[in-house]
Structures are given as structure tokens and as C-alpha cells.
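The next block holds one structure in the form of C-alpha cells; read it before the comments.
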Amino acid sequence: MQSNSTKPQPSSISRTLQHLQHVRPHALASLRSLRARQSGRIPACRGCCHSCPCCSSVCRSERQPKHGRTARAGRPGVQQPSRLRQVQQRFGSCPRRGEWAVLASSRDSGLSADAHQNDAKPVPISPTDVVEGAKQGKFVWARRWTIIGLCFLAFALCNMDRVNMSIAILPMSKAFGWDSTTVGLVQSSFFWGYLLTQVLGGVWADRLGGKLVLGFGVAWWSLATALTPLAASLGLPTLLFARACMGIGEGVAMPAMNNLLSRWVPVQERSRSLSLVYSGMYTGSMAGLAASPQMVKSLGWPSVFYIFGSLGLVWSFFWQRSATSSPHDDMRMSDAERKYVTENTIAKGSVGRIPWKKILSKGPVWALILSHFCHNWGTFILLTWMPSYYHQVLGMDLMRSGFLSVLPWLTMAISANVAGWVADSMVAKGMSITKVRKIMQTIGFMGPAIFLSQLGRVHTPGAAVACMMASQGLDACSQSGLYSNHQDIGPRYSGVLLGMSNTAGVLAGVIGTAATGYILKNGTWDDVWRSAVILYVVGTVIWNTMASGEQVID
């Protein structure tokens, strides 16, 4: 019988078992990956995470898996998923520990929903791209919109905590026996601290990054707000100190925000983005003025400070988890959006030495400083004294004066965003930035001047509220004029420039708010409005003579 020298071929069952033995470790790794992504937990190891789908084996403490394989799970002939290829192209290999949790969300990582099937299509990154994507039934949330949205909420909280005193001051003055001079002192004490941190906030933001500075500011002023009732019970000096501490926290908000948006927002979107963020202040004013009277009536005046202060602490938690100071630091941002943003902003890192002499030698800088003073005189009078005006002159009770105080801020929130889109459209059509800024700010000055001058001639609540609404609605054009100009003339030092000009604006708030109490003690409301109108006219002349939309500081 002839022997068979050839090796017996394995049966189909044996081949199947061998295949399963080969695939099983990789199947388990993929299962771990799926479970880890669904639960949001990534096993802690020093190199790559256990859930990394492009590793050939599960890594263990010190041992690193092999990288750079072109086939998934080390199996030749298996086409690598397109999303995985994108990840490896972005990081050069497998993502590091914890990074896969970020990349698991295709929206945040900038990878389209079709990435598991075909090569991912470009993410919509500009407004035009978003519109075109929407026509095709696709929508992607750009990372810069998250930063803008969080800044909007921060500014809403800023003014909610600021205007609650204008409502609470009425029952507080009765409870503690304050006259109008003392009320003006309490209202103006906020600006003492607010004045101290304007320039410092700009310097800190330009050096340390806007995320850290803005996060600190919101947490600080929210805590000071929550402690205000306790401070009031301890006496007037303690209350003044608490309000000044609140001002210290809010003082860094605007410079830090300006620093953030100068890095995150392309020039084509600057006016409308800034207008949206600043409209958060008006939204906060509306929310505070609308909610505070009911809270005072139902829960007592301390409740407005406890509740509004707590909201700021909640915001701080989400800010720390979601924000970064620059697109370059953001791991959730797509490469396409990062390229679009950086190509349309002036790339800059942290600022070292501030060229104070050079900055102060520029005429457009002084146009910002002086115009900001003139603008804020009238703005802060309305912010802090409007409910008192409705109560004293028009005879309204606390509930009705609080409700009607909301309407001018509602007009301001709407018109600010409309003005921002108009200004950006004017720039897109080829009009010079200088001309756009001058047109918008002239409207922002002369509009309020015209309508505030009419308040002395009206004697009905409806007419007075209409004048206030028109005044504040036209004032909102300043967001596309004065408040957008810092990034035009010196983008590297936008935080410092806003700190400098807002210092002048805060001085106007300190002097104007306290002076209003003194004027009312010795004069009339007509004298109050007359002082604001004069400064609006002066600001118009200064702005149109000295302002520029061109970069004057490198």
C-alpha cells in the first residue's frame, strides 16, 4: 500500500476554528471599544486607550501596541474604515489616551456622518457653506459657535447680576432707610471694583488666555452676588465692599471676551459675532428686570442675589469643560474650520511686553477712550436708574416698572444683531471698515441723543417707554462701531485696548451714576437727560474726527 507523504489538509471545521482563534482577540477589543465609547469611560493606560480600534492588541500598562497598520486589527486585505484613516492622518497614529472619547463624536471632531461608509466630505465651516449644507439636509455645528454661545451666556449673567440691584434697591432702601444719595452710592459702588480690573483684565487675557480670565471673572462675581444679602445685613460699608468685589469680577469679562473672539472669529463675521455676544448683556438685563420683581414679591429681595449668583457657578462648570483660549488648543475643532479661522484672523500667541507708549500715541486709540466715556454715561444711567424713573416720574409700582424696563433692552438685543449683519454686509460689499465704523457709531450716538431729549416733553408711560425703546435700539449700533473697533486697530492687543477704553467707560458709570443721585436731590430728571445728550454729541464729533478702521498697532 502506497504511503501518502503529503500533509493532510484541515477540514472546513478546523479552518473555521483557526479563523475564530485568530479573530477572537480583535473582536473582544472592538467590543471593549464599543462599550467604552457608549459608557463614556476610557480605561486608563499610559499609552493608547484600550478602546482604540486601530491597535492590533489591547495595551497593558507599560506595553505599547503597534501603530501605523493599514488594515484593521492587523488583518491584511481588510479595508481600513475611512473615519479611522482620518484619525490616523490627523494624529499621525492612534489617538492618545482619552482622545478617542473626543473623537467618538463625529460632530465635535469635524468628521461627517458618512465617514463610516465613504471618505468624509468637508465640514461646513463658513456661513455660506452652512447654508449650502442645509439645502442638502446636512448641518454641522462649528466649534467657534460654542465659544460665542458661552460668551453670550456669560454676558447675560453679567447684566442679570448687575440689574438685580436696580430692582432690589427699592425694597432695600425702605428696609434700611436710605435716601437718594445713599441709593446712588450703593449703585455706584459696583463701579469701584469694575474700574480696577479693566486694563488688568486685558493684560491678563492677552498673556494668560481668555478662557482662564473669563472663567475666573464669572466665578468671582457670582460668589460676590450670592453673598450680597449677608453683606447688607452687616451694614452699609460691608455692602459697598461686596458690590465692589462683584465689580472686580465683571471688570475682566469684556477684555477677556474681546481677546477670545479676536482669536476665534474671522474678520468677515466680526460685527455680527460681537453684536450677538453683547446682546447677551441686553438679554440678561431683560431676564433680570422681568424676573426680579416677581422674585422679590414672592421670595423676598435676597432671593434675586442667591438665585442669580448660583447660575453663574453652574456656567463656570460648563465653561471649564467646553472652552479653550485659541482654536490651536481645541481638540474638538476640525482641521477645515481651524484653517478657515486662522487664515481670516491675525495669528498671535501670548503677548509679552505691552508697548504702552506706542499705543497711547495713536489718535484712534484716544478716539476709543473718549468715545467710550461719552457713550457709557448715558448707558449706565439707563441701566441703573430706569426703574426708579418709571417709579418716581410715571408713578408705576415695582412690578410694572420692572416689566416696562425690559422693553428697551428687548429692542436693543434685536437691533444689535440686525446692525451687526448690516455692518458685515457693508464690509463684504467693499465699503471701507473705517467708514462702516463711523456710520454705525454716529447712529449709536445721535439716535439716543434725539430721543432722550424728548423725555422731558412726554408725560404718559407709553410715550416715555417708546422714547426709551427708540433710544436703546439705536444705541445698539455701537456694537458694530465703537465695540468692534478694538480688533480693527490693534488685534494683538485687543484685550488691552478694550480694557483701556472701558476704564474710561467705567469712570463715566461711576461719576454718572453717583451724579444722577446728586442731580435728583437738587434738580430734575430733565437735567439728568440733558447731561447725557451733551456727551453723546461730543462723542459724535470726537469719533468722526479721530477714529479709524485700519490697523495702527502691529
Side-chain angles (χ1 to χ4, degrees), residues 157-194 221-250 284-313 380-406 509-510 512-522 525 528:
L157 292 169
C158 177
N159 268 32
M160 286 173 64
D161 291 340
R162 194 181 300 181
V163 302
N164 58 11
M165 179 59 81
S166 66
I167 296 295
I169 198 71
L170 298 174
M172 289 176 72
S173 61
K174 293 180 180 179
F176 296 107
W178 296 336
D179 59 14
S180 61
T181 302
T182 305
V183 170
L185 185 65
V186 172
Q187 296 274 44
S188 66
S189 61
F190 162 84
F191 298 104
W192 303 347
Y194 196 62
W221 89 57
S222 299
L223 184 61
T225 298
L227 294 175
T228 297
L230 175 62
S233 67
L234 297 176
L236 183 61
T238 310
L239 175 61
L240 298 179
F241 177 74
R243 295 295 292 177
C245 286
M246 177 187 164
I248 288 174
E250 291 203 7
S285 297
M286 289 188 290
L289 292 169
S292 294
Q294 186 61 47
M295 292 165 62
V296 169
K297 183 178 180 180
S298 303
L299 304 173
W301 64 263
S303 63
V304 299
F305 300 104
Y306 294 143
I307 295 174
F308 291 167
S310 300
L311 291 176
L313 298 177
F380 281 121
I381 288 175
L382 293 175
L383 183 67
T384 55
W385 285 95
M386 193 185 301
S388 298
Y389 170 78
Y390 289 151
H391 178 70
Q392 294 176 9
V393 177
L394 304 178
M396 300 179 186
D397 58 19
L398 177 65
M399 291 292 294
R400 194 178 180 200
S401 64
F403 171 74
L404 291 179
S405 296
V406 170
V510 173
T513 303
T516 298
Y518 177 80
I519 291 172
L520 292 176
K521 188 175 181 179
N522 300 278
W525 279 98
V528 173

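Starting from 1, each residue takes its place in the sequence as its number. Note that the structure is predicted; figures quoted are calculated from it, not measured.
At most 12 non-hydrogen atoms from other residues, nucleotides or ligands lie less than 6.0 angstrom from OH of Tyr518. Counting non-hydrogen atoms of neighbouring residues, nucleotides and ligands closer than 6.0 angstrom, the OH atom of Tyr306 exceeds 12 such neighbours.
Separating the CG atom in Leu234 from the CG atom in Leu227 is a distance of 10.5 Å, to the nearest 0.5 Å. Put simply, SG on Cys245 and CD on Glu250 are 12.5 Å apart, with the number rounded to the nearest 0.5 Å. In this structure, Ser292 OG and Ile169 CD1 are separated by 12.5 Å, a value rounded to the nearest 0.5 Å. With values rounded to the nearest 0.5 angstrom, Met165 atom CE is found 4.0 Å from Arg243 atom CZ. We find the CG-CG distance between Asp161 and Leu311 to be 8.0 Å, quoted to the nearest 0.5 Å.
Side-chain atoms of Met172 and Leu239, non-hydrogen and from C-beta on, do get closer than 4.5 Å to each other. Two residues are said to be in side-chain contact when any heavy atoms from C-beta on lie closer than 4.5 Å; Val304 and Met160 fail this criterion. Side-chain atoms of Leu157 and Phe308, non-hydrogen and from C-beta on, never get closer than 4.5 Å to each other.
Using cut-offs of 30° and 60° for the angle between ring planes, the Trp301 and Phe305 rings count as perpendicular.
Because its NZ or CZ atom is both nearer than 6.0 Å to the ring centre of Tyr194 and within 45° of the ring axis, Arg162 counts as a cation-pi partner of that residue.
With Ser298 contributing its side chain and Met295 its backbone, the two residues share no donor-acceptor pair below 3.5 Å.
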